[in-house]
Amino acid sequence: MSHFQFPLHLTFKIGTFANDFIATDANDQMLTYVRQKMFKLKEEVNLFTDESKSELKYSIKANKWLDFSASYMFEDANGKNLGRIARKGWRSIWKAKYEIYDVADNQDLIIEEANAWVKVADSLLGEVPVLSMLTGYFFNPTYNVSRPNGEIVAKLKKEPSFFGRRFKVEKLMELEEIEEERILLGLMMMILLERRRG
């Protein structure tokens with residue numbers, strides 16, 4: 001996944017038991033098929049070239065068993081370390097915040113929810129029968145990807161959709177290829193964790 005044509009689109013599949021989704025670029029070309037392994041004590045997500053799942057491109061693996069403070073390592077198909085993402089402690093219970101680290105384990109980027117109240121409204125209405133199917137049209141959180149100095153480099157926005165299954169990633173400034181790669185891997189893992197949170 002390099003030299004992406006932004007904006008990118010992440011679309012969860014409906015009707016699958018697993019948390020599967022596909023990533024496509026601005027030209028509607030598939031970048032990867034993402035599958036979260038189910039029933040594992042240590043979380044693992046695999047990214048394949050397509051829906052046949054015949055060729056692995058990347059994997060994201062938790063460093064701990066089911067744990068709120070787990071860190072998730074990015075690896076390519078050969079097991080090469082590409083960095084990691086970690087949830088920012090208890091602060092992220094109210095407002096999602098994650099930190100992305102490079103291969104030398106230096107904090108590289110930060111993902112932070114722009115408005116925590118959107119998630120609160122989405123979660124509350126999501127508990128109401130029938131309305132839960134429609135919240136995806138009204139409450140759509142945005143997540144900013146920034147450098148440690150506060151400079152926003154990309155955004156992920158949940159798009160209005162039935163069951164809230166579509167997301168768009170926009171790039172706001174030029175990035176190195178490895179940064180784009182880490183941002184996309186980080187956002188994919190964050191989405192899976194945030195969907196589980198509600």
Side-chain angles (χ1 to χ4, degrees), residues 1-10 21 23-26 31-32 34 43 45 47 57-64 67-76 79-123 139-160 164 166-198:
M1 293 187 305
S2 58
H3 304 299
F4 307 127
Q5 298 297 313
F6 286 84
L8 309 180
H9 299 275
L10 312 178
F21 65 92
T24 54
D25 67 13
L31 298 174
T32 188
V34 181
E43 197 131 27
V45 176
L47 289 75
K57 290 177 80 170
Y58 299 93
S59 63
I60 306 172
K61 298 176 182 175
N63 67 338
K64 298 179 181 178
D67 189 321
F68 181 78
S69 62
S71 179
Y72 301 87
M73 312 299 291
F74 309 141
E75 295 179 352
D76 68 11
K80 178 184 173 185
N81 176 26
L82 301 172
R84 67 182 178 95
I85 186 170
R87 191 177 314 188
K88 183 62 178 172
W90 290 100
R91 284 179 57 192
S92 66
I93 289 177
W94 164 247
K95 187 175 181 181
K97 185 170 183 178
Y98 295 80
E99 295 175 343
I100 297 177
Y101 295 83
D102 64 17
V103 294
D105 215 31
N106 298 312
Q107 187 185 341
D108 189 25
L109 299 154
I110 298 163
I111 303 172
E112 189 166 18
E113 194 170 358
N115 184 345
W117 288 108
V118 174
K119 180 174 284 296
V120 171
D122 187 29
S123 295
F139 301 107
N140 298 297
T142 297
Y143 301 87
N144 295 325
V145 182
S146 61
R147 300 194 190 282
N149 66 6
E151 181 179 47
I152 298 174
V153 299
K155 284 183 182 282
L156 177 139
K157 183 165 176 53
K158 185 177 168 187
E159 295 188 298
R166 289 200 311 250
F167 298 81
K168 180 165 75 172
V169 181
E170 296 178 286
K171 183 171 73 168
L172 304 182
M173 62 176 54
E174 285 307 307
L175 298 164
E176 293 179 14
E177 187 176 318
I178 187 65
E179 286 183 309
E180 289 186 4
E181 195 173 47
R182 270 198 295 272
I183 286 170
L184 188 53
L185 291 169
L187 287 173
M188 288 175 170
M189 190 66 228
M190 183 214 66
I191 288 171
L192 290 169
L193 293 169
E194 289 302 299
R195 278 173 67 94
R196 188 169 64 200
R197 241 180 69 177

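Remember, predicted model here, so these are calculated numbers, not experimental data.
- Here the straight-line distance linking atom CE of M190 with atom CD1 of I60 works out to 11.5 Å at 0.5 Å rounding.
- Looking at heavy atoms from C-beta onward, I183 lies in side-chain contact with V153 at the 4.5 angstrom threshold.
- Separating the CD1 atom in I152 from the CZ atom in R147 is a distance of 12.0 Å, to the nearest 0.5 Å.
- The side-chain tip of R84 points at the ring of Y101 from less than 6.0 angstrom away and within 45° of straight on.
- Residues H9 and D25 share a closest heavy-atom pair of CD2-O, 4.2 Å.
- Atom-to-atom distance recorded for D76:CG and N81:CG is 9.5 Å, nearest 0.5 angstrom.
- Shown are L47, V45, I85, I100; of these, the side-chain contact (heavy atoms from CB on, under 4.5 Å) with L185 is made only by L47.
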| request: Applying side-chain contact (heavy atoms from CB on, under 4.5 Å), run through Y143 and I191 and close with a yes or a no. | output: CA-CA 10 Å; Y143 301 87; I191 288 171; over 6 Å; no

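- Atom CG of residue N144 and atom CG of residue L172 lie 8.0 Å apart, to the nearest 0.5 angstrom.
- Closest approach of E170 to F6, counting heavy atoms only: C-CD2, 4.2 Å.
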| said: Under the criterion side-chain contact (heavy atoms from CB on, under 4.5 Å), I'd like the reasoning laid out for V169 against F4: C-alpha separation, chi angles, the key distance, then a yes or no. | reply: CA-CA 11 Å; V169 181; F4 307 127; over 6 Å; no

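- In this structure, Q107 and P148 approach most closely via the heavy-atom pair O-CG, 3.9 Å.
- Other residues, nucleotides and ligands place more than 12 heavy atoms under 6.0 Å from the CD atom of E151.
- Looking at E43 and M189, their side chains come closer than 4.5 Å, going by heavy atoms from C-beta outward.
- For the atom pair L156 CG and L10 CG, the distance stands at 6.0 Å (nearest 0.5 Å).
- When all heavy atoms of L8 and L31 are compared, the pair lying nearest together is CD2-CD1, 3.8 Å.
- The two residues T32 and K57 have their closest heavy-atom pair at OG1-CD, 4.4 Å.
- E177 has no carboxylate O lying under 4.0 Å from a charged side-chain N of R182, or vice versa, which leaves the two without a salt bridge.
- K97 has no carboxylate O lying under 4.0 Å from a charged side-chain N of E113, or vice versa, which leaves the two without a salt bridge.
- Residue Y58 forms a side-chain hydrogen bond (donor to acceptor under 3.5 Å, both in side chains) with just one option from E181, E75, K80, and that option is E181.
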| said: Assess the residue pair Y98 and E194 against the criterion (side-chain hydrogen bond (donor to acceptor under 3.5 Å, both in side chains)); give the C-alpha distance rounded to whole Å, side-chain angles, the decisive distance to 0.1 Å, and a yes or no. | reply: CA-CA 11 Å; Y98 295 80; E194 289 302 299; 2.5 Å; yes

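- For the atom pair OG (S59) and CE (M73), the distance works out to 10.5 Å, reported to the nearest 0.5 Å.
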| field | Derivation of the salt bridge (Lys or Arg N to Asp or Glu O under 4.0 Å) call for K171 and E180 | value | CA-CA 9 Å; K171 183 171 73 168; E180 289 186 4; 3.0 Å; yes

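- The shortest side-chain heavy-atom distance between F21 and L192 falls under the 4.5 Å cut-off.
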